[in-house]
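See below for the structure under consideration.
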There are 2 protein chains.
Amino acid sequence: MPKRVDHEERRTQIAEALIQVAGRRGLHAVGMRDVAAEAGVSLRLVQYYFETKEKLLFYGLQHLTDRFTARVGSRLAAVGPNPGPRAAIEALLLASLPTDQESRTFHLLYSSYSILSVTDGALAAQPFIDNPDAAENTLTGLLAGAQAAGLADPGADARTEAISLLAMTATMGTSILVAQRTPDSAIAVLRHHLDRIFTASGHTTPDARQQTDTNTCP
Amino acid sequence: MPKRVDHEERRTQIAEALIQVAGRRGLHAVGMRDVAAEAGVSLRLVQYYFETKEKLLFYGLQHLTDRFTARVGSRLAAVGPNPGPRAAIEALLLASLPTDQESRTFHLLYSSYSILSVTDGALAAQPFIDNPDAAENTLTGLLAGAQAAGLADPGADARTEAISLLAMTATMGTSILVAQRTPDSAIAVLRHHLDRIFTASGHTTPDARQQTDTNTCP
DNA sequence: ATAAATATGGTACGTTCGTATCACGAAGAG
DNA sequence: CTCTTCGTGATACGAACGTACCATATTTAT
């Protein structure tokens with residue numbers, strides 16, 4: 001036989017090529033020949049490692065989410081060994097915004113896959129459907145921890161706020177993608193809500209809110 | 001000549017067929033033959049009224065946004081002749097959620113077009129890009145009006161809250177579409193934020209908040 | 001050393017798609 | 001009453017796509 005190649009490594013290489021070309025021309029426009037050309041291999045090779053286009057697309061989705069999870073993790077680690085909940089949440093959310101080429105590609109392709117899954121049952125059964133739940137749970141835990149530590153408004157519902165933050169981040173991401181909003185304005189909106197959640201109570205401002213209240217106390 | 005047909009009416013009929021089949025099988029999967037069959041006309045007719053597929057898609061997008069704008073308007077009118085700002089905003093947001101077949105189709109296709117526009121320059125230049133701005137401005141005005149009337153928290157930034165509400169609504173819509181969230185839970189989250197904005201001040205509760213505050217007044 | 005298995009290239013096949021072409025009936029204009 | 005123009009049908013064409021098939025060099029196993 002020829003030089004016993006690592007199949008998983010080859011598949012990764014081809015999947016990366018898929019992501020590149022799909023990020024450039026759109027997921028709908030990518031063909032096996034494009035992927036082969038981008039990866040620098042023959043069409044036959046793509047067929048060899050992924051028997052069908054559907055399998056290639058599924059593997060590409062898996063690879064995409066894996067890479068992005070790793071990216072968010074490293075961003076989170078970059079804010080310090082044990083950051084405050086607020087810093088951690090901010091890092092988490094901002095890492096999801098499409099601010100550079102890699103995150104733009106991720107956001108575009110993840111959205112494309114999601115939309116495709118609405119009308120494609122086989123894709124809907126793919127693993128990427130539980131990733132949002134994981135993010136929601138992580139964020140909820142972070143918020144609840146901040147509340148327990150007296151850093152965040154104890155009256156807020158952690159899960160609802162987590163859902164809200166993630167939802168806003170997602171739409172902001174798309175808005176940035178279609179050049180309808182700048183990353184800065186998106187970040188400003190997110191920070192606004194973090195301020196609301198994190199300064200409404202806690203050690204610094206137990207009654208700072210009353211400065212703007214029409215206070216009826218004597 | 002034959003019986004002088006109304007071109008605009010025919011185009012509308014065909015565009016509606018496009019929307020139907022695209023909503024069923026996905027925008028990426030729709031072909032001219034599918035549209036023709038759905039509309040009950042020949043392939044040649046689709047070519048006759050829209051010379052090219054690109055023009056058909058553009059017209060379809062226009063028709064889609066028109067229909068949806070009308071739908072939201074009628075939903076808004078259905079809440080009464082002059083509703084309060086809160087009821088109006090709630091109607092506006094809830095009308096955008098994909099809760100029935102028509103709004104599901106709209107949400108799916110609008111998202112598909114948006115994603116397509118990222119990698120298709122001609123589509124990005126299409127008119128649907130300013131619709132979000134219009135919604136944002138409308139909502140901002142509604143919120144500002146509520147603030148002026150003393151119904152909403154005067155300390156909130158109307159535009160930021162408008163952006164946030166629309167952003168959350170958009171993502172919730174997609175979540176409902178992919179069956180990751182139920183309409184009820186999405187509505188609950190939106191109502192939570194409306195409560196936050198609308199009960200923080202106003203005629204009924206100038207100091208109701210202090211019931212939950214750690215009030216430092218004597 | 002011979003055989004079996006592996007990795008890779010080249011290419012052909014059938015289908016589908018958007019578009020173009022040919023053809024023809026029906027109605028208003030002169 | 002032609003004649004031109006408009007609406008419609010059927011069909012053909014070239015390209016691109018996913019997939020299948022055949023060939024071949026190389027390496028491991030016997």
Side-chain angles (χ1 to χ4, degrees), chain A residues 1-22 24-61 112-113 116 119-123 126, chain B residues 1-61 109 112-113 116 119-123 126:
Chain A
M1 333 164 172
K3 53 168 171 139
R4 253 359 184 39
V5 93
D6 183 346
H7 278 213
E8 209 51 40
E9 187 180 348
R10 266 260 202 272
R11 269 193 269 264
T12 298
Q13 171 200 358
I14 294 176
E16 212 116 357
L18 162 68
I19 291 173
Q20 293 309 86
V21 62
R24 224 180 307 123
R25 299 214 283 265
L27 189 58
H28 68 284
V30 61
M32 316 235 81
R33 287 168 176 84
D34 304 296
V35 174
E38 180 80 15
V41 300
S42 74
L43 169 62
R44 180 66 179 86
L45 264 259
V46 181
Q47 280 191 265
Y48 182 71
Y49 289 103
F50 306 92
E51 279 130 51
T52 177
K53 185 187 182 181
E54 189 178 51
K55 290 180 183 172
L56 168 61
L57 287 178
F58 288 176
Y59 191 95
L61 171 60
S112 300
Y113 275 113
L116 273 187
T119 46
D120 184 334
L123 195 57
Q126 247 8 57
Chain B
M1 333 168 174
K3 54 173 170 133
R4 240 25 191 340
V5 93
D6 183 347
H7 278 214
E8 207 52 40
E9 186 181 347
R10 266 260 202 273
R11 269 192 269 263
T12 298
Q13 171 200 357
I14 295 176
E16 212 115 357
L18 161 68
I19 290 173
Q20 294 307 69
V21 62
R24 225 181 304 124
R25 299 215 283 267
L27 189 58
H28 68 284
V30 61
M32 315 234 81
R33 287 167 176 84
D34 305 294
V35 175
E38 180 81 14
V41 301
S42 74
L43 169 62
R44 179 66 178 85
L45 264 263
V46 181
Q47 280 192 265
Y48 183 71
Y49 290 103
F50 305 91
E51 280 130 50
T52 176
K53 185 186 183 183
E54 188 178 51
K55 290 180 183 172
L56 168 62
L57 287 178
F58 288 177
Y59 191 95
L61 171 60
L109 296 187
S112 300
Y113 274 113
L116 274 187
T119 46
D120 184 333
L123 195 56
Q126 244 14 52

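No experiment lies behind these values; they were computed from the predicted model shown. In what follows, chains are A, B, ... by sequence order, proteins preceding strands, each numbered from 1. Both backbone and side-chain heavy atoms feed into the values below; hydrogens, waters and symmetry mates do not.
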Rounded to the nearest 0.5 Å, what's the gap from CE on A/Met32 to OG1 on A/Thr52? Could you check?
7.0 Å
Please report the distance, rounded to the nearest Å, between CE in A/Met32 and P in C/dT8.
16 Å
For B/Ala17 versus B/Val35, what's the shortest heavy-atom pair and its separation?
CB-O, 3.8 Å
Does A/Thr52 have a side-chain nitrogen or oxygen under 4.0 Å from the phosphate oxygens OP1 or OP2 of D/dG18?
no
So does B/Ser42 get a side-chain nitrogen or oxygen closer than 4.0 Å to the phosphate oxygens (OP1/OP2) of D/dG9?
yes
Would you kindly check whether a donor in the side chain of B/Arg33 faces an acceptor in the base of C/dG18, or vice versa, at under 3.5 angstrom?
yes
Of all residues at least two apart in sequence or in a different chain, which pass the side-chain hydrogen bond (donor to acceptor under 3.5 Å, both in side chains) check with B/Arg24?
B/Glu38
Can you tell me how far C1' of D/dT19 sits from CG of A/Leu45, to the nearest Å?
15 Å
Return no unless some side-chain N or O of A/Arg44 is found under 4.0 Å from OP1 or OP2 of D/dT19.
no
So what does A/Tyr49 hit on the nucleic acid, given a heavy-atom distance under 4.0 Å: a base, only sugar-phosphate, or nothing?
sugar-phosphate
State whether B/His7 places a side-chain N or O below 4.0 Å from either non-bridging phosphate oxygen (OP1 or OP2) of D/dG7.
yes
Nearest heavy atom decides the nucleotide; on that basis, is A/Gln47 or B/Asp34 closer to the 5' end of DNA chain C?
A/Gln47
Spacing of B/Leu43 atom CG relative to D/dC13 atom P, expressed in whole Å:
16 Å
Could you give the CD1-to-P distance, from B/Ile14 to D/dG7, as a whole number of Å?
12 Å
A/Lys55 has an atom NZ; how far is it from atom P of D/dT19, in whole Å?
10 Å
How long is the line joining CD of B/Glu51 and P of D/dC6, in whole Å?
13 Å
Kindly say whether A/Ala39 contributes a backbone atom to a donor-acceptor pair with the side chain of A/Gln13 at under 3.5 angstrom?
yes
For A/Tyr48 and C/dA7, is the shortest distance between a side-chain N/O and OP1 or OP2 below 4.0 Å?
yes
Name the nucleic acid region contacted by B/Val30, choosing base, sugar-phosphate or nothing; use a 4.0 angstrom heavy-atom cut-off, strictly under.
sugar-phosphate
Distance, rounded to the nearest Å, where B/Glu54 contributes CD and C/dC17 contributes P
19 Å
Knowing that exactly one of B/Ile14, B/Thr12, B/Leu18 qualifies, which makes a side-chain contact (heavy atoms from CB on, under 4.5 Å) with B/Glu16?
B/Thr12
Rounded distance in Å - NE2 (A/His28) to P (C/dT16)
21 Å
